[in-house]
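Here the structure is a predicted model, which means the values were calculated and not measured. Any value given below was found using the heavy atoms of this structure, including those in side chains, with hydrogens, waters and symmetry copies removed.
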Amino acid sequence: MSPLPGSTRTPGDPDQGTGVPDPPAAEPDTPVTETDAPAPEPDSSREPAAGVAGTLSRRLADELARRGGPVRERAAAGLRELDAVDRAVFAAVATTPTPSLDAPLRRLSDAANNSVLWFVIAAGLGSLGGPAGRRAAVRGTVAIAVTSPLVNLAAKSAWSRRRPDRADAGVPEGRNVRMPDSASFPSGHAAAGFAFATAIGRDEPWLGMALRFLAAAVAYSRVHTGVHYPGDVVIGALVGAGTGQAVGGTVDRLAAARRAASARRAAGA
């Protein structure tokens with residue numbers, strides 16, 4: 001009820017005629033600002049920030065920049081640029097249509113899972129290649145046995161780079177293989193393939209060359225199917241080639257030592 005003219009009664013005071021107080025005045029609506037909305041949760045599928053669990057090159061770049069100095073700063077800038085190139089190449093591969101290559105490369109990538117492809121080749125070489133083939137098969141198998149734990153246990157644990165977000169990058173679904181649960185850096189497929197090919201090449205040079213091409217195709221297939229960045233397979237290939245060379249040399253020295261020991265025993269008899 002409205003107050004009479006000249007009245008000093010305010011809303012909420014009791015009405016003099018009825019004794020019932022007027023309802024209180026409504027509070028004005030308070031607009032909700034953008035700061036009241038809950039902050040969006042971070043997308044855990046994307047590559048984390050460099051300071052949290054970034055890639056190898058960015059981690060090294062951050063460490064070098066932290067230590068300071070013109071040489072370290074230039075090295076840090078170069079590492080960050082390499083990381084940018086790595087991601088740009090991955091994006092270019094992901095968005096380039098290659099329908100005739102997708103299925104063959106997907107099958108090749110799957111064939112190399114758990115080094116099955118290389119063990120099959122070693123079995124065939126040991127059965128049909130004669131003494132040289134058997135030696136080469138042993139070298140290749142030992143090279144894989146050394147390389148796999150070195151890469152998949154030691155290196156991946158030290159540098160826990162996340163796998164690419166292939167859906168966000170636009171990798172066609174027709175290329176997809178199973179996304180491994182392990183870290184992305186370095187590539188175990190590339191390491192095992194190049195270790196095997198390098199070790200085989202000590203006894204079978206021409207076969208070793210052909211196997212290097214096959215190992216390179218397997219390495220590329222891991223980028224093509226969206227489970228590795230190019231840098232992962234490059235470093236994996238270098239680690240595998242070095243390990244294969246070291247294993248081959250060690251096997252040579254052990255074989256030479258056995259032959260020398262046998263010769264000494266024969267001479268003593």
Side-chain angles (χ1 to χ4, degrees), residues 104-161 163 177-225 227-258:
L105 288 172
R106 185 185 68 243
R107 288 193 290 267
L108 178 62
S109 180
D110 283 336
N113 288 344
N114 301 313
S115 298
V116 171
L117 173 64
W118 313 117
F119 290 142
V120 169
I121 294 173
L125 188 59
S127 301
L128 306 174
R134 286 191 291 272
R135 285 195 303 270
V138 170
R139 291 182 201 274
T141 302
V142 172
I144 292 175
V146 172
T147 303
S148 291
L150 176 65
V151 170
N152 294 316
L153 298 180
K156 286 181 182 289
S157 298
W159 303 103
S160 54
R161 186 183 197 183
R163 298 277 175 171
V177 296
R178 184 185 67 83
M179 180 66 77
D181 297 326
S182 60
S184 185
F185 180 88
S187 168
H189 281 63
F194 276 90
F196 182 78
T198 303
I200 290 288
R202 293 183 71 92
D203 286 298
E204 301 284 352
W206 289 105
L207 178 60
M209 182 182 295
L211 289 175
R212 284 183 177 90
F213 281 105
L214 182 59
V218 169
Y220 172 74
S221 75
R222 303 302 284 171
V223 179
H224 193 84
T225 55
V227 298
H228 275 295
Y229 293 101
D232 301 336
V233 301
V234 170
I235 300 302
L238 293 174
V239 171
T243 306
Q245 188 71 23
V247 167
T250 302
V251 171
D252 282 344
R253 288 190 293 271
L254 291 175
R258 284 196 301 269

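- Across every non-hydrogen atom of P149 and A145, the tightest pair is CD-O, 3.0 Å.
- Here the straight-line distance linking atom CG of L108 with atom NE2 of H189 works out to 9.0 Å at 0.5 Å rounding.
- Between A195 and A143 the shortest heavy-atom distance is O-CB, 3.6 Å.
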### Task
Give the C-alpha distance, both sets of side-chain angles, the deciding distance and a yes or no for side-chain contact (heavy atoms from CB on, under 4.5 Å) between L125 and L207.
CA-CA 10 Å; L125 188 59; L207 178 60; 3.7 Å; yes
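- With a 4.5 Å cut-off on side-chain heavy atoms, L214 and L117 count as touching.
- Of the possible polar contacts, one joining the R163 side chain to the S182 backbone as a donor-acceptor pair under 3.5 Å is found.
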### Message
Under the criterion side-chain contact (heavy atoms from CB on, under 4.5 Å), I'd like the reasoning laid out for V177 against N113: C-alpha separation, chi angles, the key distance, then a yes or no.
### Response
CA-CA 11 Å; V177 296; N113 288 344; over 6 Å; no
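- A pairwise comparison of heavy atoms in A219 and V233 identifies O-CG1, 3.4 Å as the closest pair.
- Once rounded to the nearest 0.5 Å, the distance linking CH2 of W118 with CG of L211 reads 6.5 Å.
- When all heavy atoms of A217 and L105 are compared, the closest pair comes out as O-CD2, 4.3 Å.
- To the nearest 0.5 Å, atoms CZ (R222) and CG (D232) are separated by 10.5 Å.
- Salt-bridge annotation for D110 and R178: absent, with no side-chain N of the basic residue lying under 4.0 Å from a carboxylate O of the acidic one.
- Without hydrogens or angle criteria, T250 side chain to A246 main chain gives a donor-acceptor distance under 3.5 Å.
- Considering every non-hydrogen atom in both V218 and A112, the closest pair reads CG1-CB, 3.7 Å.
- The heavy-atom pair separating A136 from E204 by the smallest distance is CB-CG, 4.1 Å.
- To the nearest 0.5 angstrom, Y229 atom OH is 13.0 Å from F185 atom CZ.
- Within the model, atoms NZ of K156 and CZ of R161 stand 11.0 Å from one another, a figure rounded to the nearest 0.5 Å.
- Using a 4.5 Å heavy-atom cutoff, the side chains of N114 and F119 are not in contact.
- Counting only distance, with no hydrogens or angles, the side chain of H224 and the backbone of R106 share no donor-acceptor pair below 3.5 Å.
- How far OG of S187 is from CD1 of I235: 11.0 Å, rounded to the nearest 0.5 Å.
- The local environment of CE in M179 is crowded, with over 12 non-hydrogen atoms from other residues, nucleotides or ligands closer than 6.0 Å.
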### Message
Go through it in stages, so that I can follow the logic: the residues are T243 and L150, the test is side-chain contact (heavy atoms from CB on, under 4.5 Å), and I'd like the CA-CA distance, side-chain angles, deciding distance and then a yes or no.
### Response
CA-CA 9 Å; T243 306; L150 176 65; 3.8 Å; yes
